[in-house]
Amino acid sequence: MKEFKVSPIKNGTAIDHITPGMALKVLKILGITGTQGSIISVAMNVPSGKCERKDIVKIENRELEPQEINKIALIAPSATFNIIRDFNVDKKHNVELPDVIEGIVRCENTNCISNKAEPIIPKCIVISKTLVTLKCFYCDRMITDIIKNII
């Protein structure tokens, strides 16, 4: 049986151990449409020794910012990030969801002060990091659809 492999990238970011089925949402969160000119590799539902299945995303010529990593941690809390330089892993990071998320997820409550014309940055308290659960800092509303409300 022939095995297909994803080509290595010279420089950029490899995001591994993404929750199965979430790779396309990771691309959406990062604003990657495929028109930026860099090579983007996506593998979904790949067998894994660490977990049963996983998704993988490789982004050539781009290193992710901490704010982007926090966004991804919301939907893939067990993901790992590898910074690739000259075809080698230069740095490896596990995502870690902070206790407070600022400026990433908006409150679902349309009457919340964070959704008004006030100069307030949306802020959420992380209630659970395993099954990611968020609550608005200002009005205590639970965020039920995190992906829909990512800014």
Side-chain angles (χ1 to χ4, degrees), residues 1-108 114-115 119-138 142-151:
M1 188 165 159
K2 203 175 207 183
E3 186 175 331
F4 295 96
K5 295 184 179 184
V6 177
S7 298
I9 57 175
K10 182 174 181 180
N11 296 301
T13 303
I15 309 167
D16 198 1
H17 299 102
I18 300 169
T19 308
M22 292 294 188
L24 298 178
K25 289 180 176 32
V26 166
L27 294 176
K28 183 177 181 181
I29 286 171
L30 296 175
I32 295 173
T33 61
T35 59
Q36 289 84 359
S38 294
I39 295 172
I40 309 298
S41 302
V42 177
M44 298 178 74
N45 291 307
V46 177
S48 170
K50 185 176 175 182
C51 49
E52 190 175 321
R53 298 252 173 220
K54 66 181 179 179
D55 288 0
I56 303 167
V57 172
K58 291 184 177 185
I59 309 161
E60 194 167 50
N61 299 322
R62 181 168 172 195
E63 292 185 16
L64 300 182
E65 300 294 326
Q67 190 80 340
E68 293 174 309
I69 292 170
N70 287 345
K71 285 182 182 182
I72 293 168
L74 290 168
I75 64 166
S78 61
T80 57
F81 292 82
N82 299 305
I83 303 301
I84 310 297
R85 294 193 179 117
D86 292 321
F87 295 105
N88 294 305
V89 175
D90 187 55
K91 295 178 185 172
K92 185 171 189 158
H93 306 281
N94 292 326
V95 299
E96 186 166 332
L97 202 55
D99 294 329
V100 177
I101 303 286
E102 291 187 70
I104 295 175
V105 178
R106 78 174 61 85
C107 181
E108 293 178 341
S114 66
N115 286 322
I120 294 175
I121 296 172
K123 186 189 293 189
C124 297
I125 307 294
V126 178
I127 303 300
S128 172
K129 293 184 180 186
T130 50
L131 180 59
V132 180
T133 308
L134 304 177
K135 177 176 77 170
C136 178
F137 176 82
Y138 302 105
M142 298 301 285
I143 311 299
T144 59
D145 191 346
I146 294 171
I147 294 170
K148 180 182 172 189
N149 289 293
I150 289 177
I151 299 172

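The model shown is predicted, which means the values in this text are computed figures rather than measured ones.
If you take CD1 on Ile15 and CD1 on Ile59, they are separated by 4.0 Å, rounding to the nearest 0.5 Å. A distance of 3.5 Å separates CD1 in Ile75 from CD1 in Ile29, rounded to the nearest 0.5 Å. The CD1 atom of Ile146 sits 12.5 Å away from the NZ atom of Lys25 when rounded to the nearest 0.5 Å. Distance check: Arg53 CZ to Ile18 CD1 gives 15.5 Å after rounding to the nearest 0.5 Å. Between Phe81 atom CZ and Ile69 atom CD1 the span is 5.0 Å, to the nearest 0.5 Å. Separating the CG atom in Asn149 from the CD atom in Glu108 is a distance of 4.5 Å, to the nearest 0.5 Å.
Atom CD1 of Ile127 sits in a crowded spot, with more than 12 heavy atoms from other residues, nucleotides or ligands closer than 6.0 Å. Other residues, nucleotides and ligands place no more than 12 heavy atoms under 6.0 Å from the NZ atom of Lys91. Sparse packing is recorded around CD1 of Ile39, with 12 or fewer heavy atoms of other residues, nucleotides or ligands lying under 6.0 Å away.
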*Show your reasoning for whether side chain to side chain contact (heavy atoms under 4.5 Å, CB included) applies to Val100 and Ile125.*
CA-CA 5 Å; Val100 177; Ile125 307 294; 4.1 Å; yes
*Evaluate the side chain to side chain contact (heavy atoms under 4.5 Å, CB included) criterion for residues Ile83 and Thr13: first the C-alpha distance (whole Å), next the side-chain angles of each, then the deciding distance (0.1 Å), finally the verdict.*
CA-CA 5 Å; Ile83 303 301; Thr13 303; 3.9 Å; yes
*List the steps and the verdict of side chain to side chain contact (heavy atoms under 4.5 Å, CB included) for Glu60 and Ile40.*
CA-CA 6 Å; Glu60 194 167 50; Ile40 309 298; over 6 Å; no
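Annotation: side chain of Val42 is not in contact with side chain of Ile56 (no heavy-atom distance under 4.5 Å).
Remark: of the listed residues Ile143, Val95, Val126, Val105, Val105 is the sole one forming a side chain to side chain contact (heavy atoms under 4.5 Å, CB included) with Leu74.
In terms of modelled atom types and a separation under 3.5 Å, the side chain of Asp55 and the main chain of Asn45 share a donor-acceptor contact.
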